[in-house]
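The structure appears below as structure tokens.
Below, chains carry the letters A, B, ... as their sequence lines are ordered, and counting in each starts from 1.
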Number of protein chains: 2
Amino acid sequence: MNVRTLCLAILYQADATGYKIRKLSTEGEYAYFVEASFGSIYPALARLEEEGLVTSRIEAQQGKPHRKIYSITPVGREAFIKSLFEPTGADVFRSEFLLLALFAPELPADLVESRIIERLDCLSNEIETLKKHTCERNEPADQWIIRYGLESMRFSHAYLIAHKDELIALAKPAQKPTLAAQ
Amino acid sequence: MNVRTLCLAILYQADATGYKIRKLSTEGEYAYFVEASFGSIYPALARLEEEGLVTSRIEAQQGKPHRKIYSITPVGREAFIKSLFEPTGADVFRSEFLLLALFAPELPADLVESRIIERLDCLSNEIETLKKHTCERNEPADQWIIRYGLESMRFSHAYLIAHKDELIALAKPAQKPTLAAQ
DNA sequence: TCGCACATGTAACGTGTTACATGATTAG
DNA sequence: CTAATCATGTAACACGTTACATGTGCGA
């Protein structure tokens with residue numbers, strides 16, 4: 001999915017600034033779609049406005065910089081919903097952690113172990129964030145996708161806990177430089 | 001992760017042609033890392049050879065076109081393992097299916113249902129592919145990551161089966177153009 | 001006979017990232 | 001005082017995709 005579609009999806013639900021769209025795309029539920037940076041969001045919004053799919057108004061704030069608030073137009077809504085009827089791209093899962101796991105036999109056990117712990121921490125954090133979102137968000141479809149993500153992550157977390165020792169056992173044992181060499 | 005690293009990872013385990021690297025990256029376990037196309041693999045291999053991280057030899061075949069078989073060099077092995085010591089990038093999960101799910105209330109129930117079925121089929125296929133790989137591959141680390149992927153997909157599959165009706169219920173009921181309008 | 005699997009490679013193109021430029025307020 | 005948050009935007013650059021060019025053998 002591309003940044004254009006992400007912007008339309010977010011604006012479909014509520015008005016937002018470019019800044020806010022980026023926040024939503026990096027945290028919580030919208031991160032399931034694309035993680036976008038400013039450098040792609042601002043140009044995407046500008047183009048969307050040119051094409052009449054969104055409009056913007058500027059709001060001055062005391063002290064803080066002005067905000068450019070975007071709204072979706074009826075044409076934008078229609079275009080977005082229409083795009084959902086087109087064939088869906090396949091889901092993507094990519095993991096550098098699994099690459100490390102694949103090469104565990106070539107790596108010291110303490111490196112493998114600390115990477116597992118990092119991964120576990122990361123999963124815990126994402127679980128906490130999503131839990132917060134379940135409370136805040138009221139729409140039932142939002143709830144459904146958040147629960148889906150939440151349960152998937154809980155599964156990953158539990159699986160890793162249960163099987164981490166097997167992976168560590170495959171790694172090179174840490175050389176104790178002191179006594180009992182063999 | 002980038003295509004360079006993917007090439008080194010695959011060549012670390014066995015010699016391969018560009019064609020084969022692409023196959024491995026689209027099917028089975030290596031798809032956890034990056035899915036690369038010819039247009040990125042061939043230039044990456046050429047650059048890797050220039051830099052002395054891999055070497056190639058050409059093998060003629062009767063009838064079929066010649067094959068250019070790449071091997072990793074000791075320098076390449078070292079560089080690859082070294083890269084595994086560097087901080088790991090976060091795992092990525094992106095789903096167009098979930099975008100559709102988020103907008104279920106705006107979509108007809110039959111569309112939502114058929115997309116769920118597609119997703120389920122896709123998961124079943126991937127599960128079958130990975131099962132085959134478990135039998136073929138003997139290295140314990142390979143087995144470990146395949147099992148991780150396999151169990152994650154089985155979980156997703158089961159979760160979807162258990163909760164699909166809730167999502168379909170959120171969608172717009174299909175209009176029966178015949179009798180009993182209200 | 002049609003299309004797929006094998007097999008390599010280039011060129012044009014699109015999309016997105018990183019770094020930069022700018023600047024006030026607030027919490028630690 | 002320092003870092004983070006809010007806030008917008010551009011330019012250079014990296015990376016990868018798609019389409020094209022080329023060609024054989026095999027199975028349905």
Taking only Lys NZ, Arg NE, NH1 and NH2, and the carboxylate oxygens of Asp or Glu, determine whether [X] and [Y] approach each other closer than 4.0 Å.
X	Y	value
B:Arg94	A:Glu35	yes
A:Glu118	A:Arg115	yes
B:Lys132	B:Glu128	no
B:Arg119	B:Glu96	no

Protein-proximity profile, nucleotides 10-16 of chain D, B/S/- by nucleotide at the 4.0 Å heavy-atom cutoff, equals B-----S
Name all pairs fulfilling the salt bridge (charged side-chain N to carboxylate O under 4.0 Å, His left out) condition that reach into residues 149-170 of chain A, sequence neighbours left out, sorted by first residue then second.
A:Glu151-A:Arg154, A:Glu166-B:Arg147
Compute the ring centroids of [X] and [Y], then answer whether they are less than 6.0 Å apart.
X	Y	value
B:Phe155	A:Phe155	yes
B:Phe80	A:Phe103	yes
A:Phe38	A:Tyr19	yes

Take the protein atom [atom1] of [X] and the nucleotide atom [atom2] of [N], then report the distance between them rounded to whole Å.
X	N	atom1	atom2	result
B:Ile58	C:dC6	CD1	C1'	16 Å
A:Ile21	D:dA7	CD1	P	13 Å
B:His66	C:dT8	NE2	C1'	6 Å
B:Lys20	C:dA5	NZ	P	17 Å
A:Leu6	C:dT17	CG	P	11 Å
B:Leu45	C:dA7	CG	P	15 Å
A:Arg22	D:dG9	CZ	P	16 Å

Considering only nitrogen or oxygen atoms on both sides, find all protein atoms under 3.5 Å from nucleotides 3-6 of chain D and state each distance.
unit_1: D:dC6; atom_1: OP2; unit_2: A:Tyr19; atom_2: OH; d: 3.3

